[in-house]
Novice: 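Pasting a structure below so you can have a look.
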Amino acid sequence: TKDEGYGFGGRLAFAPLHNDEMALHTGIDYVHQIPDDEGTTVEFKEEAETKIGDVEFCNTDDIPNVKSWDVKGLEGAFAFRNFHLQAEYMKTTVYRLNDLDNINFDGGYAYLTWILTGEHQPYEMKEGEFGKIVPQNRYGAFELGFRYSHLNLTDDDYKLPEGQTVDSDRVKGGKANNFTFALNWYPNTKVRFMLNYAIVDNSIFADMKGKMIGDDDFSYIQMRILVLF
């Protein structure tokens, strides 16, 4: 965001079920943020899930008269042997001055993975998260995955303060859906090769505050290498 001030946040995770074959994880998180003393204007923006330059397709532009905003999140994960399902949903509520209506944005993701070579991803209780995949043969571990994510920075209920006029009284930050297909290879616990094919579906308002012209949907193939030291 723009003009960040101060705030606080926290996360609580709980695993009611965890053993060598199965794990169930749940969690909640909360963040409260206040603009700094220089103003009450904030801006929310986000790039696609791959870096293609300084291009924030979803962008709310400046939102005036902001008192504070909250971010609330709900997360969950379930693992059974070599299958892993994980999801998270987050909602942002922007509170405004002078009794103006609140603004709401939301987003989330879900992904499913299947380790073809039979390994599983262990759950680490102290960290409240899943640990590293440990290959069980000399060829390493292979994993297939699918991920879906959604972001909505458009609020239909937003009304501009009195005296301000634009072509619409809505926050038109845009919406985006991402569909990703993945193939991962873990030759050992220190190296990971990732091959992704992704489809990006942007709404009509996901246009960099009007700077993009034409169809903003696209797809890409991406390969990454992760090395742990």
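Atoms considered below: every heavy atom in the structure, side chains included; atoms not considered: hydrogens, waters and symmetry mates. Only a predicted model underlies this, so the values are computations on that prediction, with no experimental measurement involved.
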Novice: Could you tell me whether the side chain of R81 and the main chain of E21 form a donor-acceptor pair under 3.5 Å?
Specialist: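 Such a contact is absent between R81 side chain and E21 backbone.
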Novice: Could you check whether the rings of F44 and W69 sit parallel, tilted or perpendicular, using 30° and 60° as the cut-offs?
Specialist: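 Answer is perpendicular, since the angle exceeds 60°.
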Novice: Transitively linked via ILVMFWY side-chain contacts under 4.5 Å: V71 with V42?
Specialist: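 Looking at the clustering, V42 is in the same group as V71.
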Novice: Side-chain heavy atoms nearer than 4.5 Å, only ILVMFWY residues, links allowed to pass through others: does that put L85 and L116 together?
Specialist: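 Different clusters: L85 never reaches L116 through Ile, Leu, Val, Met, Phe, Trp or Tyr contacts under 4.5 Å.
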Novice: Looking only at heavy atoms, what is the nearest atom pair of A13 and G128, with distance?
Specialist: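 Nearest heavy atoms, A13 then G128: CB-O, 4.4 Å.
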Novice: Does some side-chain heavy atom of L183 sit less than 4.5 Å from a side-chain heavy atom of L144?
Specialist: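 Side-chain contact under 4.5 Å: yes.
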Novice: Are side-chain heavy atoms of F105 and M90 found at a separation under 4.5 Å?
Specialist: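 The answer is no; the side chains never approach within 4.5 Å.
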Novice: Apply side-chain contact (heavy atoms from CB on, under 4.5 Å) to the pair R224 and N196, showing each step before the final yes or no.
Specialist: CA-CA 9 Å; R224 295 176 292 164; N196 294 337; 3.3 Å; yes
Novice: Are M223 and L228 in one and the same hydrophobic cluster, where Ile, Leu, Val, Met, Phe, Trp and Tyr link if side-chain heavy atoms are under 4.5 Å apart?
Specialist: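 Each belongs to a different hydrophobic cluster.
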Novice: Can Y95 and D70 be said to form a side chain to side chain donor-acceptor pair (under 3.5 Å), step by step?
Specialist: CA-CA 8 Å; Y95 303 98; D70 292 337; 3.2 Å; yes
Novice: So T40 and N65, side chain to side chain donor-acceptor pair (under 3.5 Å) or not? Walk me through it.
Specialist: CA-CA 5 Å; T40 59; N65 296 307; 4.5 Å; no
Novice: Quick check for you: to the nearest 0.5 Å, what is the distance between K175 atom NZ and T154 atom OG1?
Specialist: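 Answer rounded to 0.5 Å: 6.0 Å.
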Novice: Minimum heavy-atom separation for R96 to N102, with atom names?
Specialist: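 In terms of heavy atoms, the two residues are closest at N-OD1, 4.2 Å.
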Novice: Is N98 reaching over with its side chain to a backbone N or O of L100, donor-acceptor style, under 3.5 angstrom?
Specialist: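 Such a contact is absent between N98 side chain and L100 backbone.
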Novice: List the atom of T180, the atom of A198, and the distance in Å for their closest heavy-atom pair.
Specialist: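 Minimum heavy-atom separation between T180 and A198: OG1-CB, 3.6 Å.
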Novice: Report the distance from atom CG of D217 to atom CG of N202, rounding to the nearest 0.5 Å.
Specialist: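 Answer rounded to 0.5 Å: 6.0 Å.
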Novice: Looking at every non-hydrogen atom in both residues, tell me the closest pair between S68 and I34 and how far apart they are.
Specialist: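 Shortest heavy-atom separation between S68 and I34 comes out as CB-CG1, 4.1 Å.
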Novice: As a quick check of understanding, evaluate side-chain contact (heavy atoms from CB on, under 4.5 Å) for I221 and L195, giving each step before the final call.
Specialist: CA-CA 7 Å; I221 298 175; L195 179 64; 4.1 Å; yes
Novice: Roughly how far, to the nearest 0.5 Å, is NE2 of H84 from CD of E143?
Specialist: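 Rounded to the nearest 0.5 Å, the CD-NE2 separation comes out at 8.5 Å.
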Novice: Between atom CD1 of I225 and atom CZ of F193, what is the distance when rounded to the nearest 0.5 Å?
Specialist: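 It comes to 4.5 Å.
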Novice: For the CG atom on L226, are there more than 12 heavy atoms of other groups (residues, nucleotides or ligands in this structure) within a distance under 6.0 Å?
Specialist: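 More than 12 heavy atoms, drawn from other residues, nucleotides or ligands, come within 6.0 Å of this atom.
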Novice: Would you please test E56 and E47 for side-chain contact (heavy atoms from CB on, under 4.5 Å) and show each step?
Specialist: CA-CA 4 Å; E56 293 92 7; E47 300 179 354; 3.9 Å; yes
Novice: Does D20 have more than 12 heavy atoms from other residues, nucleotides or ligands lying within 6.0 Å of its CG?
Specialist: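 12 or below, so no.
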Novice: Check whether Q121 reaches the backbone of G131 with its side chain - one donor and one acceptor, N or O, closer than 3.5 Å.
Specialist: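 Side chain of Q121 to backbone of G131: a pair is present.
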Novice: If Ile, Leu, Val, Met, Phe, Trp and Tyr residues are connected whenever their side-chain heavy atoms lie under 4.5 Å apart, and connections chain through other members, are I103 and Y89 in the same group?
Specialist: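 Cluster IDs for I103 and Y89 differ.
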Novice: Consider ring-ring contact (aromatic ring centres under 6.0 Å, His included). Of Y111, F181, W114, which one does F146 pass it with?
Specialist: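 Single ring-ring contact (aromatic ring centres under 6.0 Å, His included) partner of F146 among Y111, F181, W114: F181.
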Novice: For a quick test of reading the model, state the closest non-hydrogen atom pair linking L153 to N59 and the distance between them.
Specialist: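 Shortest heavy-atom separation between L153 and N59 comes out as CD1-N, 4.3 Å.
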Novice: Give the ring-plane orientation class for F142 versus W185, where under 30° counts as parallel, over 60° as perpendicular and anything between as tilted.
Specialist: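 Ring orientation, 0 to 90° scale: parallel.
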Novice: Quick one: does F57's side chain get under 4.5 Å of V200's, heavy atoms only?
Specialist: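 Result no, sub-4.5 Å side-chain heavy-atom pair not found.
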Novice: Under a 3.5 Å distance rule, please check whether T113 uses its side chain to pair with a backbone N or O of G145 as donor and acceptor.
Specialist: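 Checking the backbone N and O of G145 against the side chain of T113, no donor-acceptor pair under 3.5 Å is found.
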Novice: Apart from F8 itself, what residues make up its hydrophobic cluster, given side-chain heavy atom links below 4.5 Å?
Specialist: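 Result for F8 is Y30.
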Novice: Any side-chain heavy atom of D207 sitting closer than 4.5 Å to one from K172?
Specialist: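 When only atoms from C-beta onward are counted, K172 and D207 do not touch, as no gap falls below 4.5 Å.
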Novice: For Y109, which of R147, E49, Q86, H150 qualifies under side-chain hydrogen bond (donor to acceptor under 3.5 Å, both in side chains)?
Specialist: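 Option passing the side-chain hydrogen bond (donor to acceptor under 3.5 Å, both in side chains) with Y109: Q86.
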Novice: Rounded to the nearest 0.5 Å, how far apart are NZ of K190 and CZ of F229?
Specialist: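 If I round to the nearest 0.5 Å, the distance is 10.5 Å.
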Novice: Could you measure the distance from the CD atom of E119 to the CD1 atom of I133? Nearest 0.5 Å is fine.
Specialist: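 That separation rounds to 7.5 Å.
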Novice: Hey, is the main chain of P122 close enough, under 3.5 Å, to the side chain of E124 for a donor-acceptor pair?
Specialist: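 Side chain of E124 to backbone of P122: no pair is present.
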Novice: Identify the two heavy atoms, one from A141 and one from T117, that lie closest to each other, and give their separation to 0.1 Å.
Specialist: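 Scanning both residues, the minimum pair turns out to be CA-OG1, 3.2 Å.
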Novice: Apply side chain to side chain donor-acceptor pair (under 3.5 Å) to H25 and E129, showing your working.
Specialist: CA-CA 8 Å; H25 165 97; E129 61 185 20; over 6 Å; no
Novice: For K72, is the NZ atom crowded, meaning more than 12 foreign heavy atoms sit under 6.0 Å from it?
Specialist: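 Yes - once you tally the heavy atoms of other residues, nucleotides and ligands closer than 6.0 Å, there are more than 12.
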Novice: Mind checking side chain to side chain contact (heavy atoms under 4.5 Å, CB included) for A87 and listing every partner two or more places apart, or none if nothing turns up?
Specialist: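 If we apply the side chain to side chain contact (heavy atoms under 4.5 Å, CB included) test to A87, skipping adjacent residues, the hits are A110.
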Novice: Taking N82 for the side chain and I115 for the main chain, is one N or O donor matched with an acceptor at less than 3.5 Å?
Specialist: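 Looks like yes, one N/O pair under 3.5 Å.
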Novice: Considering only heavy atoms from C-beta outward, does the side chain of K132 approach that of R192 to under 4.5 Å?
Specialist: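 No, every pair of side-chain atoms sits at 4.5 Å or beyond.
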Novice: Is there a path from L74 to L12 through hydrophobic residues (I, L, V, M, F, W, Y) whose side chains come within less than 4.5 Å of each other?
Specialist: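 In one cluster: yes.
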